[in-house]
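This report concerns only the one structure given below.
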There are 2 protein chains.
Amino acid sequence: MAEGRCLEAGERWTAPRKRVFELLLQAGAPVKAYDLIADYGHGQDRGVAKPPTIYRALDFLSGMGLVHRIPSLNAYVACAVDEAVHSASFLICDCCGSAEEFDPKVEPVVRAQAEHLGFRPTAMALEVRGLCRACA
Amino acid sequence: MAEGRCLEAGERWTAPRKRVFELLLQAGAPVKAYDLIADYGHGQDRGVAKPPTIYRALDFLSGMGLVHRIPSLNAYVACAVDEAVHSASFLICDCCGSAEEFDPKVEPVVRAQAEHLGFRPTAMALEVRGLCRACA
DNA sequence: GAAGTTATGTGATATTATAACGTCGCGTCA
DNA sequence: TGACGCGACGTTATAATATCACATAACTTC
């Protein structure tokens, strides 16, 4: 579980971090930062969140590998993989906006190619656009 | 050449399109939209460009496959490949900001994997972050 | 050269993200 | 216990990126 991973790493599982992660899990799809801001206070006694609160939580969560940013959508999604920090690949549906995380298993090949070109890779991100099963 | 490809397609090679493409070629590296706006008028009699002018030119050029957007940088780069519209992959140096276009040759594999998951791909983008030869 | 279409110019505004700075809460160690 | 140090948070403001809406101009076709 997220909290455990966080505590093991000696990091604090604070209210904003918890709430933002919760919202992303509930959504089960990419969510925009300002939607998180809008939804942050819904339910219970929580106050209103301002941008830095959300962006700090997102930075923290992606640093922990619990959340991925999808640059081409300017959106954030809870990580589907129970694994430490990792490079993420997504199948992004242009119709319904879903983003399924998958493992294309090409990382070693790409890494080798990059190194052959004198490049030293640290991370990679693959985004496949198209139509998901439901929309096709 | 860019103009030829554009005219063959029945599209107009207008002043803003030409100027924006020229700026990207000169840079030989990813450039941010607002840097293009700032540089647009430098030299000759050209007036000042406002955001829509630049964004329209960028949309057009990427539609023609002459320019790629690099989402994780919010930047745009002239295409290095003399080929019709294509999916692009980049080696992005976190040190000097360069972005080298390369062909990882994994597109068929990824496409097959995606289709196996019921996904119908239309385009894909791969971004590898790390250090280029010069910076390593 | 008139009509229709496509592109541009311009001002305003929406969306996404960060800077700066003060305060709070928690752990540590005297 | 209490003073310190550090990391996280709250808040205001602002930077950076991108789009809308509408008027004008340019090219195409007939």
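In what follows, chains carry the letters A, B, and so on, assigned in the order in which the sequence lines appear, proteins first and then strands, with residues in each chain numbered from 1.
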Quick one, give me the B/S/- string for nucleotides 16-24 of chain D, reading 5' to 3', where B means a protein heavy atom under 4.0 Å from the base and S means that only happens at the primed atoms, P, OP1 or OP2.
-BBBBB---

For nucleotides 23-29 of chain C, give me one character per nucleotide, 5' to 3': B if any protein heavy atom sits under 4.0 Å from the base, S if the only such contacts are to the sugar-phosphate, - if neither.
--B----

Nearest-0.5 Å distance that lies between atom [atom1] in [X] and atom [atom2] in [Y]:
| X | Y | atom1 | atom2 | value |
| --- | --- | --- | --- | --- |
| A:Ser89 | A:Glu127 | OG | CD | 9.5 Å |
| A:Lys32 | A:Leu73 | NZ | CG | 7.0 Å |
| B:Cys6 | B:Glu11 | SG | CD | 6.0 Å |
| B:Phe60 | B:Arg12 | CZ | CZ | 10.0 Å |
| A:Leu66 | A:Leu24 | CG | CG | 10.0 Å |

Can B:Ile70 and B:Val77 be said to form a side-chain contact (heavy atoms from CB on, under 4.5 Å), step by step?
CA-CA 8 Å; B:Ile70 302 183; B:Val77 66; 4.1 Å; yes

Between [N] atom [atom2] and [X] atom [atom1], what is the distance in whole Å?
| X | N | atom1 | atom2 | value |
| --- | --- | --- | --- | --- |
| B:Arg19 | C:dT8 | CZ | P | 15 Å |
| B:Glu11 | D:dA26 | CD | C1' | 15 Å |
| A:Leu36 | C:dA17 | CG | P | 11 Å |
| B:Leu58 | C:dT8 | CG | C1' | 15 Å |
| B:Ile37 | C:dG9 | CD1 | P | 13 Å |
| B:Trp13 | C:dT8 | CH2 | P | 11 Å |
| B:Arg17 | C:dA7 | CZ | C1' | 7 Å |

Ionic contact status for B:Glu22 with B:Arg19, cut-off 4.0 Å
yes

Looking at every non-hydrogen atom in both residues, tell me the closest pair between B:Pro30 and B:Gly97 and how far apart they are.
CD-O, 3.5 Å

For D:dA26, does either OP1 or OP2 sit under 4.0 Å from a side-chain N or O belonging to B:Thr14?
no

Are A:Thr53 and D:dT11 close enough that a side-chain N or O sits under 4.0 Å from OP1 or OP2?
no

Would you be so kind as to tabulate the donor-acceptor pairs closer than 3.5 Å made by side chains of residues 104-126 of chain B, with sequence neighbours excluded?
from: B:Gln113; atom 1: NE2; to: A:Pro104; atom 2: O; distance (Å): 2.9
from: B:Thr122; atom 1: OG1; to: A:Arg129; atom 2: O; distance (Å): 3.1

